[in-house]
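Since we're looking at a predicted model, the values are computed, not measured. All chains are named by letter (A, B, ...) in the order of the sequence lines, taking the proteins before the strands, and each is independently numbered beginning at 1.
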2 protein chains.
Amino acid sequence: MPKEAPRIAELDDRKVKILVAVIRNYLETGEPVGSRTISKYTDLKLSSATIRNEMSDLEEMGYIFQPHTSSGRIPTDKGYRFYVDNLMSEKEREIQEKEELIIEKADKLEEVLKQAAKLLAANTNYTALVSTPETHRNKLKFLQLSKVEKDSVLAVIVVEGNIIKNKMIHTEEEIDEDTILKLNLLLNTHLNGLSLEEINLGLITLLKERAGIHTEIVSSVIDAVADAIRADEDLEIYTSGATNIFKYPELTDSGKATDIINTFENKEELEKIVNTSLSENNAGRKEMQVYIGKEMSSPAMQDCSVVTATYELGDGMRGTIGIVGPKRMDYEKAMGTMKSLMNQLDEIYNKK
Amino acid sequence: MPKEAPRIAELDDRKVKILVAVIRNYLETGEPVGSRTISKYTDLKLSSATIRNEMSDLEEMGYIFQPHTSSGRIPTDKGYRFYVDNLMSEKEREIQEKEELIIEKADKLEEVLKQAAKLLAANTNYTALVSTPETHRNKLKFLQLSKVEKDSVLAVIVVEGNIIKNKMIHTEEEIDEDTILKLNLLLNTHLNGLSLEEINLGLITLLKERAGIHTEIVSSVIDAVADAIRADEDLEIYTSGATNIFKYPELTDSGKATDIINTFENKEELEKIVNTSLSENNAGRKEMQVYIGKEMSSPAMQDCSVVTATYELGDGMRGTIGIVGPKRMDYEKAMGTMKSLMNQLDEIYNKK
DNA sequence: ATTAGCACTCGACCGAGCTGAGTGCTAACG
DNA sequence: CGTTAGCACTCAGCTCGGTCGAGTGCTAAT
């Protein structure tokens with residue numbers, strides 16, 4: 001959704017310098033920045049009056065604006081966008097080298113992700129957001145039914161990437177060991193190696209026909225298994241450091257913070273962000289996305305920016321990691337820390 | 001931790017009536033209540049002056065206090081305690097009948113609990129808190145190792161209550177099917193029916209000795225299984241409606257809300273609450289506990305009250321459900337809704 | 001024992017006035 | 001012609017004093 005960055009040509013060198021000065025300053029202080037400040041802050045030797053003229057131009061072009069008449073300027077979304085797209089290479093690299101996040105290798109992916117979120121939040125002072133990977137393109141690796149009790153059968157399903165699913169299936173009547181054995185064979189020969197999304201309703205009915213034995217139980221067990229396989233809607237999203245947003249006054253006032261935290265509690269909104277990030281990444285091949293203010297659909301987020309990245313675990317499972325902060329967040333730092341984290345995840349899961 | 005309720009005798013009838021009036025009024029309005037208000041609000045025909053005298057007494061006894069000189073009174077923790085312990089039977093019953101929460105039966109316990117939290121929060125306008133049950137006293141019902149790949153074995157463990165645990169075990173060298181079969185037999189004969197806490201280190205070493213085959217792999221596999229069994233520290237706590245606390249001005253100011261929400265993010269503090277509730281319930285046989293302000297250890301919670309209850313799923317698994325709100329929360333309603341919810345959980349899991 | 005009355009306290013609210021940061025415009029300057 | 005100095009103007013934020021009203025404590029009368 002981020003529009004193509006405006007051609008640099010639109011702004012002459014001096015305007016760019018002034019714009020950067022405004023933005024940098026605002027990022028630091030969080031307060032509107034005036035012409036006088038800039039005439040000192042920058043190396044270009046110009047009086048405040050001149051700066052004022054230039055700023056007036058910049059305002060007309062939509063890069064900055066005044067919150068009220070005769071106060072300093074602050075960047076617009078367009079201003080930030082320009083900054084993010086064109087003007088932040090050196091500083092970022094610098095930070096990235098310094099950052100040293102250390103993820104402890106944990107047994108469960110879930111734990112690692114939670115930890116990653118925590119680290120990210122702690123290191124940036126923004127809110128971190130991590131989604132579990134989508135698995136529906138993954139291939140079935142192992143499937144087994146076991147009789148646990150007279151009337152219950154446990155289905156264990158392992159897909160590539162060692163994601164394990166369980167389903168306890170209650171049966172009306174007792175089901176004998178022999179049938180289970182046959183079912184195991186049947187299911188394995190037909191489903192093994194298929195990706196989860198390939199296992200659809202058509203295939204299942206076909207399977208039932210071939211089953212040979214046509215009792216109710218068998219059919220219902222197969223249904224249950226199919227259910228479990230398809231139930232990959234368990235996309236979880238963890239957040240950490242939600243209260244960090246209270247550190248930024250412009251988000252604290254008038255219930256904005258409440259709205260934002262509510263959004264964090266509400267999966268659907270988060271999913272949108274995660275998903276656009278995933279698809280964007282898929283198309284664009286950029287490793288990180290930045291969404292600024294209105295570039296996000298969610299109304300509660302209009303005063304925020306989000307930096308997202310897509311992580312990829314060897315077996316093609318992809319998930320999203322995000323940092324949510326105020327629009328005046330330190331993009332360099334956020335992106336630097338993010339990159340550093342991605343590198344680590346890479347090391348853990350892909351180098352092996 | 002809640003102290004024994006003061007004997008009613010300490011307060012004569014009239015004082016009780018006045019105290020109740022103060023509390024009820026404050027619960028509704030959230031503002032200090034004065035003598036004049038009460039002289040109207042109650043049926044006892046007394047002038048404000050008399051009320052003032054009585055209130056002065058009540059203040060001396062520690063049931064109410066003035067936020068600043070010459071403003072109305074608000075209840076102290078002691079006041080609330082008295083109210084909760086002695087004075088709220090009729091209204092509660094009434095509400096409880098009206099409440100109709102409907103939990104959809106879901107496959108996974110986890111989902112049901114999350115849903116319960118959501119319902120609770122939505123219905124009360126407070127924050128809900130649900131812990132997954134502890135399982136360490138549960139008995140092992142089913143254990144199975146399966147070879148998934150050359151170098152990995154999957155352990156599936158089912159305990160009473162149909163809690164399923166998985167552990168993927170990577171082995172250095174390939175392990176043959178035969179060994180797995182033997183291991184399955186070994187583990188099952190020795191561990192089946194034991195409660196998780198009975199499976200300790202001693203037992204495991206004993207088991208290894210009896211194993212007969214003494215290769216490294218076997219030993220490491222057994223260790224991994226034991227690990228998985230003991231790893232019941234995955235006590236999860238879900239919260240819902242965290243931002244509801246913003247609805248109560250006395251919690252919103254001066255970063256209190258932030259502290260509270262932070263506490264919600266932080267498991268350890270929550271665990272404390274959950275655990276005291278569990279043990280309290282164990283001892284006292286009361287179905288619900290109320291903790292008011294300083295009765296909780298967590299400093300961030302000193303301005304809150306919590307209503308907790310312990311749910312019990314057939315197989316002896318117990319967890320805690322809580323409602324967190326301001327001290328001036330509507331205890332009747334909270335307890336009523338809670339009770340109603342517990343009844344439903346009971347129906348789902350215990351009536352079968 | 002209860003009540004009416006009175007003086008007093010104190011937070012909340014409101015408007016006035018001041019200040020300082022910042023602007024836009026104009027005229028002068030190199 | 002771009003740049004600058006100067007000036008009038010705007011406006012948010014702060015402080016100050018005054019008023020208001022709710023509420024109390026105390027005393028004297030019932």
Legend entry - Which residue lies more 5' along DNA chain C, comparing B:His68 with B:Glu54 via nearest heavy atoms: B:Glu54
Legend entry - Phosphate-side-chain proximity, B:Arg73 and D:dG23, N/O vs OP1/OP2 below 4.0 Å: no
Inset, instruction - Mind listing the residues from residues 44-52 of chain A sitting with a heavy atom below 4.0 Å of DNA chain C? Number order is fine. - result: A:Arg52
Inset, instruction - Return the nearest nucleotide to the side chain of B:Ser35; candidates are D:dT24, D:dT10, C:dT3. - result: D:dT24
Inset, instruction - Specify the separation, in whole Å, of atom CD of B:Glu31 and atom P of D:dG21. - result: 16 Å
Inset, instruction - Look at the side chain of A:Gln66 and decide which nucleotide, out of D:dT10, C:dT23, C:dC10, has an atom nearest to it. - result: C:dT23
Inset, instruction - For A:Asn53 and C:dT26, give me the distance from atom CG to atom P, rounded to whole Å. - result: 12 Å
Inset, instruction - For C:dC10, take OP1 and OP2 only and decide whether either is under 4.0 Å from a side-chain N or O of B:Thr69. - result: yes
Legend entry - Nearest-Å distance for atom pair CZ/P, residues B:Arg36 and C:dT3: 14 Å
Inset, instruction - Answer yes if the side chains of A:Thr337 and A:Ser340 hold a donor-acceptor pair under 3.5 Å, and no otherwise. - result: no
Legend entry - Integer-rounded Å distance: D:dT24 P and B:Ile38 CD1: 8 Å
Legend entry - Exam field: side chain A:Thr42 to backbone A:Ile38, donor-acceptor pair closer than 3.5 Å: yes
Legend entry - Nearest-Å distance for atom pair CD/P, residues A:Glu59 and C:dG24: 7 Å
Legend entry - Distance, rounded to the nearest Å, where A:Arg14 contributes CZ and D:dC1 contributes P: 16 Å
Inset, instruction - Over 60° means perpendicular and under 30° means parallel, so classify the ring planes of A:Tyr80 and A:Tyr331, tilted if in between. - result: tilted
Legend entry - End axis versus end axis in the helix from C:dA1-D:dT30 to C:dG30-D:dC1, the angle rounded to 10°, five pairs used at each terminus: 20°
Inset, instruction - Mind calculating the distance between NZ (A:Lys40) and P (D:dT4) to the nearest angstrom? - result: 16 Å
Inset, instruction - Verify, without hydrogens or angle tests, whether A:Ser277 (side chain) and A:Ile273 (backbone) share a donor-acceptor contact under 3.5 angstrom. - result: no
Legend entry - Any donor-acceptor N/O pair under 3.5 Å between D:dT10 base and A:Ser70 side chain: yes
Inset, instruction - Among B:Leu11, B:Val22, B:Asp77, B:Ile23, find the residue that satisfies the side-chain contact (heavy atoms from CB on, under 4.5 Å) test when tested with B:Tyr63. - result: B:Leu11
Inset, instruction - Find the distance between NZ (A:Lys17) and CG (A:Leu87) and round it off to the nearest 0.5 Å. - result: 12.0 Å
Inset, instruction - Can you spot which of B:Pro326, B:Ser240, B:Cys304 makes a side-chain contact (heavy atoms from CB on, under 4.5 Å) with B:Tyr126? - result: B:Pro326
Inset, instruction - Look at the side chain of B:Lys333 and the backbone N and O of B:Asn123, then say whether any donor-acceptor pair between them is shorter than 3.5 Å. - result: yes
Inset, instruction - Figure out the CG/P separation between B:Leu58 and D:dG23, and round it to whole Å. - result: 17 Å
Inset, instruction - Mind checking the CD1-OG spacing from B:Ile323 to B:Ser305? Nearest 0.5 Å is all I need. - result: 11.5 Å
